[in-house]
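Structure first, then comments.
These numbers were taken from a predicted model, which means no experiment stands behind them. Residue indices begin at 1 and follow the sequence shown.
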Amino acid sequence: MKILVLNSGSSSIKYQLFDTDKKDVLARGMVDKIGIAGSSLVNHRNDGDSVKLVGEIVDHQVGIEFVLGLLVSAKHGSLRTLNQLDAVGHRVVHGGEKFNGPVLITDNVIKEVEACADLAPLHNPPNLKGIYAMQDILPDVPQVAIFDTAFHQSMPDYAYMYAIPYTLYKKYGLRRYGFHGTSHFYVSKRACEILNSEIEGHKIITCHLGNGASIAAIEHGKSVDTSMGLTPVEGMIMGTRSGDLDLGVLTYIIDKEGIGVQAANTLINKHSGILGISGVSSDMREVIRAAEEGNQRAQLALNMYHYRIIKYIGSYIAAMDGVDTIVFTGGIGENSVITRREVCKNFNYIGLELDQQKNENLRGEGIISTNKSKVQVMVIPTNEEAVIAEETMKVVEANKVYVMNQKLKQL
Ligand code: AMP
């Protein structure tokens, strides 16, 4: 099957075109600065051909028309015609309590996703724009939604509830949902493939450490807890997000600084975290460099960052009554030798032994603990797009009759 995976953000669309039969990515690219001056489309084909088009891309519909035009272009394309496209898989950030897995997009599904927009006002509306545009341009190509929150729907109620009046949960759906679900799912599954073992019986902690960061506790392949909550601000210290915070701090700031709710939201989402503490950057490489040059606030940011991860891993070991595998992924998890070393050194008490040489030398995926370590520590580059393509294919195959009927209706 040829499947187009779309990740539609507020001013960008990232895409990958998969050939699931050949297990190959035929092309990948990005539309950037939608609705802003200097919009562009960059496409990389798997044979090394790259092209950048600059033009006016006023909205998501125009952006997607550009992408589709390029995918079938004689010079830079990967398909002969758009009829070769079997399905489109959309990343959708918030599926609320409605969706615990991928679904074929129907009018009802769209209504449900629209209803979840209140919970993710920055993310669901642009995700929906990608869906509307695709429906308009290619109405007879089946589309599938894959939700960031779905994997964490297996959390037990005592893990996902906030200790606020229960009526507020019932009224607004205020609870912990978790994010990065596709990544946590992928790396936990991949870890078991590498270990040549069934996921059943495993207690795995996955650390997705990128610009945004979350940790998940995964038992028998099911998420039982994760660090992000109602929104992606809970949990880890991130590039610009504070992570866990005494709510009293926020009400104090609102009171003393005389700012409103929106400004307070911006403060904890855009000006906090690694950037807020270090004053250097939200980019971990720059903060590590500054710390090495003696910048004390950069070092403090690193110490806080690592300490928070250690505390969460420790709490998830307790929550699952053990752990057999810890996986690092995301830009920092995959690349930062220092982060993996600093985090792992606090788990000697459970027999975790990091192989320092493997930690320093590993490229790509693999095991970085010693042969006698009681906990396997692994690095696995995440691949959310591959999961979206695979899940899209499964959903389309499972709904073959429905898809055929829809196509007939278009004739
Ligand atoms: P992501 O959001 O997954 O793309 O991750 C972005 C983060 O990964 C940024 O903070 C980068 O500084 C960080 N990162 C990338 N490469 C390295 C590296 N070699 N060492 C430390 N951090 C890195």
Side-chain angles (χ1 to χ4, degrees), residues 7-11 91-100 112-128 145-155 157-166 168-184 206-217 223 225-254 259-276 282 305 308-309 311-312 315 330 384:
N7 182 354
S8 307
S10 56
S11 63
R91 177 188 178 213
V92 180
V93 168
H94 219 304
E97 288 187 320
K98 283 282 172 210
F99 300 105
N100 60 6
E112 300 283 8
V113 176
E114 285 169 344
C116 294
D118 244 11
L119 296 170
L122 297 180
H123 294 103
N124 274 28
N127 299 159
L128 279 161
I146 283 86
F147 301 92
D148 272 21
T149 48
F151 181 58
H152 301 301
Q153 278 296 300
S154 47
M155 282 193 285
D157 51 6
Y158 54 80
Y160 71 66
M161 287 299 291
Y162 289 117
I164 55 174
Y166 193 81
L168 291 173
Y169 161 62
K170 290 311 253 182
K171 195 168 173 189
Y172 301 114
L174 292 180
R175 49 157 282 184
R176 309 182 59 255
Y177 290 94
F179 298 87
H180 294 141
T182 313
S183 176
H184 291 294
T206 48
C207 308
H208 179 112
L209 308 175
N211 226 343
S214 67
I215 298 195
S223 172
D225 207 344
T226 190
S227 57
M228 282 178 169
L230 174 76
T231 75
V233 82
E234 191 179 339
M236 298 303 106
I237 294 171
M238 306 176 221
T240 59
R241 290 177 225 156
S242 63
D244 291 343
L245 196 65
D246 178 351
L247 298 176
V249 172
L250 208 55
T251 49
Y252 189 96
I253 295 170
I254 289 173
I259 58 173
V261 174
Q262 281 305 331
N265 201 29
T266 305
L267 186 90
I268 55 166
N269 275 287
K270 305 261 184 226
H271 302 293
S272 299
I274 291 285
L275 171 69
S282 63
Y305 182 82
R308 182 78 53 91
I309 299 170
K311 285 211 296 188
Y312 263 90
S315 70
E384 289 156 289

Result for side chain to side chain contact (heavy atoms under 4.5 Å, CB included) between Ile268 and one of Leu250, Thr240, Thr231 points to Leu250
Within the distance-only criterion (no hydrogens, no angle test), does the side chain of [X] pair as donor or acceptor with the backbone N or O of [Y] below 3.5 angstrom?
| X | Y | answer |
| --- | --- | --- |
| Asn269 | Asn265 | yes |
| Thr226 | Ser223 | no |
| Asn127 | Val93 | yes |
| Arg241 | Lys270 | no |
| Ser242 | Gly273 | no |
| Ser282 | Leu275 | no |
| Gln153 | Gly96 | yes |

I want to check something: taking the side chain as every heavy atom from C-beta on, are [X] and [Y] in contact at a cut-off of under 4.5 Å?
| X | Y | answer |
| --- | --- | --- |
| His271 | Thr266 | yes |
| Ile146 | Val92 | no |
| His208 | Met228 | no |
| Ile274 | Met238 | no |

Open item on the list: Students often mix this up, so state it plainly: with edges at 30° and 60°, are the rings of Phe147 and Phe99 parallel, tilted or perpendicular?
Closed with: parallel
- Task: Examine the side chains of Tyr162 and Glu234 and answer whether a donor and an acceptor come within less than 3.5 Å of each other.
- Result: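 Their side chains do contain a donor-acceptor pair, which is all the 3.5 Å distance test asks for.
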Measure across [X] and [Y] and return the closest heavy-atom pair with its distance rounded to 0.1 Å.
| X | Y | answer |
| --- | --- | --- |
| Ser8 | Pro126 | CB-O, 3.3 Å |
| Pro121 | Leu119 | CD-C, 3.5 Å |
| Arg176 | Met155 | O-CE, 3.8 Å |
| Pro125 | Ala120 | CD-O, 3.5 Å |

**Item:** Neighbour count above 12 (heavy atom, 6.0 Å) for Ile164 CD1
**Value:**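 Yes - once you tally the heavy atoms of other residues, nucleotides and ligands closer than 6.0 Å, there are more than 12.
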Inset, instruction - Go through Tyr177 and His152 one step at a time and tell me if the ring-ring contact (aromatic ring centres under 6.0 Å, His included) criterion holds. - result: CA-CA 7 Å; Tyr177 290 94; His152 301 301; over 10 Å; no
Please report the interatomic distance [atom1]([X]) to [atom2]([Y]), rounded to the nearest 0.5 Å.
| X | Y | atom1 | atom2 | answer |
| --- | --- | --- | --- | --- |
| Leu128 | His123 | CG | NE2 | 13.0 Å |
| Ile215 | Ser227 | CD1 | OG | 5.5 Å |
| Tyr172 | Leu230 | OH | CG | 12.5 Å |
| Ser315 | Asp225 | OG | CG | 7.0 Å |

- Task: Take Thr149 and Phe179 through the side-chain contact (heavy atoms from CB on, under 4.5 Å) test and state the conclusion after the steps.
- Result: CA-CA 5 Å; Thr149 48; Phe179 298 87; 3.8 Å; yes
Contacts of Ser214 meeting side-chain hydrogen bond (donor to acceptor under 3.5 Å, both in side chains) (sequence neighbours excluded), chain-then-number -> His180, His184
Residues forming a side-chain hydrogen bond (donor to acceptor under 3.5 Å, both in side chains) with Tyr312, sequence neighbours excluded
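In terms of side-chain hydrogen bond (donor to acceptor under 3.5 Å, both in side chains), with neighbours along the sequence ignored, Tyr312 is linked to Asp244.
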message = Strictly below 4.0 Å, N to O, side chains only: are Arg91 and Glu384 in salt-bridge contact?
response =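 Judged by the 4.0 Å cut-off on N to carboxylate O distance, Arg91 and Glu384 do not form a salt bridge.
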### Asp157 with Arg175: basic N within carboxylate O range, under 4.0 Å
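No, this pair does not count.
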- Start with the C-alpha gap between Ile309 and Met236, add the side-chain angles, then the distance that decides, and say whether side-chain contact (heavy atoms from CB on, under 4.5 Å) holds. CA-CA 7 Å; Ile309 299 170; Met236 298 303 106; 3.8 Å; yes
